[in-house]
Amino acid sequence: MRWSQYFIPTLKESPADAEILSHKLLLRAGLVRKLTGGLYTFLPLGLRALKKIENIIREEMNRAGAVEVLMPALQPPEIWQQSGRYETAKDVLYKVKDRANKEWVLGPTHEEVITTLAAGEISSYRQMPRNFYQIQVKFRDEIRPRFGLMRAKEFIMKDAYSFDATDEGAMVSYRRMYEAYARIFNRCGLKHFPVEADTGVIGGSHSHEFMVPAETGENDVVYCAACGYAANVEKATSGLPATAARDAGQGPEKFPTPGVVTIEALVKAPYNVPANRQIKTLIFIADSQPLIVLMRGDDQLNETKLMARTGATAARPATAEEIYALLGAHPGSLGAVAGTLRQPVSILADERLKGANDMTTGANEDGFHLKGVSIERDIKVTSWLDLRTVTAGEPCPKCTKPLKIQRAIEVGHVFKLGTKYSQKLNAFFLDAEGKSKPCVMGCYGIGVTRTLQAVIEQCNDKDGIIWPLAVAPFQVCITPLVVAPDSAVMQLAEKIYRELSAAGVEVILDDRDERPGVKFKDADLVGFPLRLGIGEKSLAKGEVELKPRAAALVPVKAEEAVAKIRELLSASPA
RNA sequence: CGGGACGUAGCUCAGCCUGGUAGAGCACUUGGUUUGGGACCAAGACGUCGCAGGUUCAAAUCCUGUCGUCCCGACCA
């Protein structure tokens with residue numbers, strides 16, 4: 001490819017709305033352009049890198065036994081109603097109407113479609129295991145698209161769906177995808193690690209996310225450097241002991257606390273109640289039912305855990321009005337001690353409060369608190385659950401060494417789904433005994449466009465992108481410093497260009513009549529793994545200059561350049 | 001959806017407070033000089049100042065509304 005015939009609109013300055021480095025580089029290196037918030041056009045260079053990633057994914061999915069299909073992006077709402085996600089996923093669903101005013105949805109994912117396919121095609125255990133995948137555009141009505149391709153309204157995803165006759169079979173399929181994912185991200189040149197994850201609205205029993213460590217990520221990952229435990233903070237637990245028992249005392253005692261509505265205020269004089277001796281009372285509305293959630297004063301509720309543990313499809317903090325109507329007090333004076341509640345309400349307590357006594361909590365009367373509360377004696381807890389958010393430094397749940405927290409970008413997610421979709425969408429088969437059973441499913445996603453940006457986020461320096469060879473849009477950039485067709489420099493450049501092209505090397509010839517500085521800066525910005533500089537000075541010595549993007553320049557005899565480049569390309573990990 | 005900021009040339013931004021001829025740098029066009037890390041000189045082209053109302057003799061500037069963008073939060077396979 002000749003640079004002058006290609007389209008690489010590089011930018012010296014970053015557009016003002018690009019926030020994170022990878023987003024700026026995406027724009028500056030001429031890989032993408034924004035149409036509007038959350039919607040991007042891929043320019044030739046960006047498309048090439050994207051296709052590289054797609055092909056790595058294809059190769060590894062095929063190798064893992066999955067077969068490629070392509071499902072419609074436009075889907076009938078009926079199957080979404082059937083799965084129940086027309087309601088539970090309604091916030092992300094784009095809906096459109098046709099001229100007959102019939103409604104359609106733009107697919108945010110394809111469980112419904114693939115399960116409908118399986119329902120029609122799979123009727124015997126002999127037809128399984130089966131794994132279908134596609135690389136498709138997804139549409140999600142994101143509340144707030146951001147960071148370029150990281151969180152967009154329309155993005156490219158690889159999604160795969162496995163169908164098995166048994167639970168054990170499904171675990172094998174899951175494992176196989178898990179391993180394929182590790183290979184895919186390795187080949188993309190990404191540092192990554194798998195973590196235990198919450199299954200969310202999609203449902204299922206077993207789940208890992210593949211994370212790329214990056215400060216600009218939107219996930220917090222809890223991990224243990226000693227034993228390898230790693231989990232999304234939405235799921236992570238720790239080995240912290242329950243609250244220390246003290247003398248239980250006589251029973252709750254009311255005391256005035258005018259104006260005190262925070263944990264912090266109660267910690268201070270004259271009250272001097274440490275946060276770990278307070279019970280925090282939170283009111284949630286889960287699937288329109290009020291819930292009391294009790295946490296230790298120094299702990300933070302994890303709403304994802306709350307949803308997961310209660311099975312609620314929607315939960316939100318209650319409003320001040322709802323709280324007053326329920327408990328007769330305002331936030332800051334709330335409690336769950338039996339006798340202070342005017343009506344029965346489910347009470348969920350965090351396990352860390354088990355056995356806690358001599359605690360202080362709100363009296364459900366503005367301006368008053370209760371001290372000397374023994375949680376198991378004085379509060380009718382409906383269920384004990386792990387609801388707290390793990391913080392850095394807590395003991396690992398497996399080996400008790402201190403946990404660490406790292407920001408990360410989620411690039412892949414594997415789920416063992418079970419039979420949730422197969423049952424609702426009638427994907428049943430006959431087993432060896434002739435009994436009808438639902439297929440056991442798994443689903444496996446990779447954010448392809450997000451992975452592209454994650455590579456850039458991880459592989460760069462002050463001058464621009466440093467593409468890993470396997471995903472670089474071009475492997476080599478030839479930079480002749482003189483472009484006059486009859487010059488020795490250009491003639492050599494053309495010759496090497498022809499030879500490399502003939503050898504199957506992906507090479508771009510910067511034939512622009514620009515000053516050397518401009519060409520060097522552009523090549524660094526775009527980040528070609530190898531650059532071959534050809535100028536009059538070194539050519540006078542019979543040499544050309546080989547400059548790996550991330551290493552020092554090496555002079556090479558002109559006639560050895562092609563062989564040297566091929567050697568470097570084949571030596572690097574694919 | 002709540003809080004905040006910002007919309008001026010293709011890009012980065014000044015001008016707005018205190019109303020009166022719309023600006024700079026980069027990019028672009030032409031000519032010349034240059035030519036090993038984003039050249040220099042000269043001459044040019046490029047704007048309904050996001051949009052709609054209002055106030056005023058006069059609005060980029062003040063007021064109202066609206067749309068869009070970004071940030072924080074909420075929310076989010």
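First the proteins, then the strands, lettered A, B, ... as listed; each starts at 1. Side-chain atoms are counted along with the backbone in the values below, which use heavy atoms only and exclude waters and symmetry mates.
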Output the rounded distance in Å from NZ (A:Lys521) to P (B:rC26). 17 Å
Nearest-angstrom distance, C1' atom, B:rG47 to B:rC13: 15 Å
Roughly how many Å apart are B:rC17 and B:rU33, using the C1' atom of each and rounding to a whole number? 46 Å
Parallel, tilted or perpendicular: which describes the rings of A:Tyr181 and A:Phe185, with under 30° parallel and over 60° perpendicular? perpendicular
Minimum-distance nucleotide to A:Arg144 side chain [options: B:rC76, B:rG36, B:rG73]: B:rG73
Sequence neighbours excluded, the answer for side-chain hydrogen bond (donor to acceptor under 3.5 Å, both in side chains) partners of A:Trp80 is A:Gln75
Contact class for A:Phe139 (heavy atom, under 4.0 Å): base, sugar-phosphate, or nothing? nothing
Under 3.5 Å, is there a donor-acceptor pair between the A:Asp510 and A:Thr479 side chains? no
Heavy atoms within less than 4.0 Å of RNA chain B: which residues of residues 23-42 of chain A have one? Give them sorted by number. A:Arg28, A:Lys34, A:Thr36, A:Gly37
Mind checking A:Glu209 for me? I need base, sugar-phosphate or nothing, with any heavy atom below 4.0 Å counting as a touch. nothing
Sorted by chain and residue number, the side-chain contact (heavy atoms from CB on, under 4.5 Å) partners of A:Thr262 (sequence neighbours excluded) come out as A:Glu264, A:Ala265
Could you let me know what B:rC16 is paired to, Watson-Crick or G-U wobble, both distances under 3.5 Å, or none if it's on its own? none
Which pairs with one or both residues in residues 25-40 of chain A pass side chain to side chain donor-acceptor pair (under 3.5 Å), sequence neighbours excluded? A:Asp17-A:Lys34, A:His23-A:Tyr40
On a whole-Å scale, what distance lies between the P atoms belonging to B:rA24 and B:rG65? 35 Å
The side-chain hydrogen bond (donor to acceptor under 3.5 Å, both in side chains) partners of A:Glu494 (sequence neighbours excluded) come to A:Arg2
Any protein N or O atoms within reach of nucleotides 8-14 of chain B? Criterion: under 3.5 Å, listing atom names and distances.
| residue | atom | partner | partner atom | Å |
| --- | --- | --- | --- | --- |
| B:rU12 | OP1 | A:Ala16 | N | 2.4 |

Decide, for B:rU30, between syn and anti: a glycosidic angle within 90° of 0 counts as syn, anything else as anti. anti
No-hydrogen, no-angle side-chain donor-acceptor test under 3.5 Å, A:Tyr161 and A:Asp159: yes
For A:Arg316, which contact category applies under a 4.0 Å heavy-atom criterion: base, sugar-phosphate, or nothing? nothing
Distance, rounded to the nearest Å, where A:Arg512 contributes CZ and B:rG38 contributes C1': 11 Å
Whole angstrom value for the distance that separates P of B:rC76 from NE2 of A:His413: 15 Å
Applying side-chain hydrogen bond (donor to acceptor under 3.5 Å, both in side chains), name anything that partners A:Gln475, two or more places apart in sequence or on another chain. none
Please give, in whole Å, the distance from B:rG36 P to A:Lys541 NZ? 16 Å
Looking across every strand, which nucleic acid part, if any, lies under 4.0 Å from A:Asp91 by heavy atom: base, sugar-phosphate, or nothing? nothing
Are A:Phe415 and A:His413 near enough that their ring centres are under 6.0 Å apart? yes
If you assign each of A:Ser538 and A:Glu234 to its closest nucleotide in RNA chain B, which residue comes earlier from the 5' end? A:Ser538
A:Pro317 near the nucleic acid: base, sugar-phosphate alone, or nothing, with a heavy-atom cut-off under 4.0 Å? nothing
Can you name the one residue among A:Glu54, A:Gln134, A:Met61, A:Glu60 that meets side-chain contact (heavy atoms from CB on, under 4.5 Å) with A:Lys158? A:Met61
Under 3.5 Å between N/O atoms: give me all the protein pairs with nucleotides 41-43 of chain B, atom names plus distance.
none

Between B:rG2 and B:rA60, how far apart are the C1' atoms? Round to whole Å, please. 30 Å
Between B:rG54 and B:rG44, how far apart are the P atoms? Round to whole Å, please. 39 Å
A:Ser22-A:Glu457 side chain donor-acceptor pair, cut-off 3.5 Å: yes
Identify whether the distance between the nearest side-chain nitrogen and carboxylate oxygen of A:Asp386 and A:Arg309 falls below 4.0 Å. yes
Only counting residues at least two apart or in another chain, list the ones meeting ring pair (Phe, Tyr, Trp, His ring centres under 6.0 Å) with A:Tyr324. A:His330
Which residues satisfy the ring pair (Phe, Tyr, Trp, His ring centres under 6.0 Å) test with A:Tyr444, sequence neighbours excluded? none
If you take the centroid of each ring, where Trp contributes its six-membered ring, are A:Phe193 and A:Phe210 closer together than 6.0 Å? no
Taking only the C1' atom of each, what is the distance from B:rC41 to B:rU34 in whole angstrom? 11 Å
Atom NZ of A:Lys90 and atom P of B:rC1 are separated, to the nearest Å, by 15 Å
Phosphate OP1/OP2 of B:rG37 contacted by A:Lys519 side-chain N/O (<4.0 Å): no
Quote, to the nearest angstrom, the C1' distance that separates B:rA59 from B:rC70. 27 Å
Side-chain H-bond candidate by donor/acceptor type, A:Gln423 with A:Thr419, under 3.5 Å: yes
Given that both distances must come in under 3.5 Å, which nucleotide forms a Watson-Crick or G-U wobble pair with B:rA74? none
In Watson-Crick or G-U wobble terms, with both distances under 3.5 Å, the base opposite B:rA39 is B:rU33
Can you check the distance between B:rC49 and B:rU21, where both ends of the measurement are the C1' atom (answer in whole Å)? 15 Å
By salt bridge (charged side-chain N to carboxylate O under 4.0 Å, His left out), A:Lys557 pairs with (sequence neighbours left out) none
A:Glu142 has an atom CD; how far is it from atom C1' of B:rC70, in whole Å? 17 Å
In the structure shown, which nucleotide is the Watson-Crick or G-U wobble counterpart of B:rG65, with both distances under 3.5 Å? B:rC51
In terms of side-chain heavy atoms of A:Arg146, which of B:rG36, B:rG38, B:rC72 is nearest? B:rC72
Look at the side chain of A:Arg151 against the base of B:rC76 and say whether a donor-acceptor pair falls under 3.5 Å; ignore hydrogens and angles. yes
Can you tell me the base-pairing partner of B:rC26? Count Watson-Crick or G-U wobble geometry only, both distances below 3.5 Å, and say none if there is no partner. B:rG10
Side chain of A:Val92 (C-beta onward), nearest among B:rG37, B:rC76, B:rA27: B:rC76
Write out a two-atom table: protein N or O, nucleotide N or O from nucleotides 30-35 of chain B, distance below 3.5 Å.
| residue | atom | partner | partner atom | Å |
| --- | --- | --- | --- | --- |
| B:rU34 | O2 | A:Arg515 | NH1 | 2.7 |

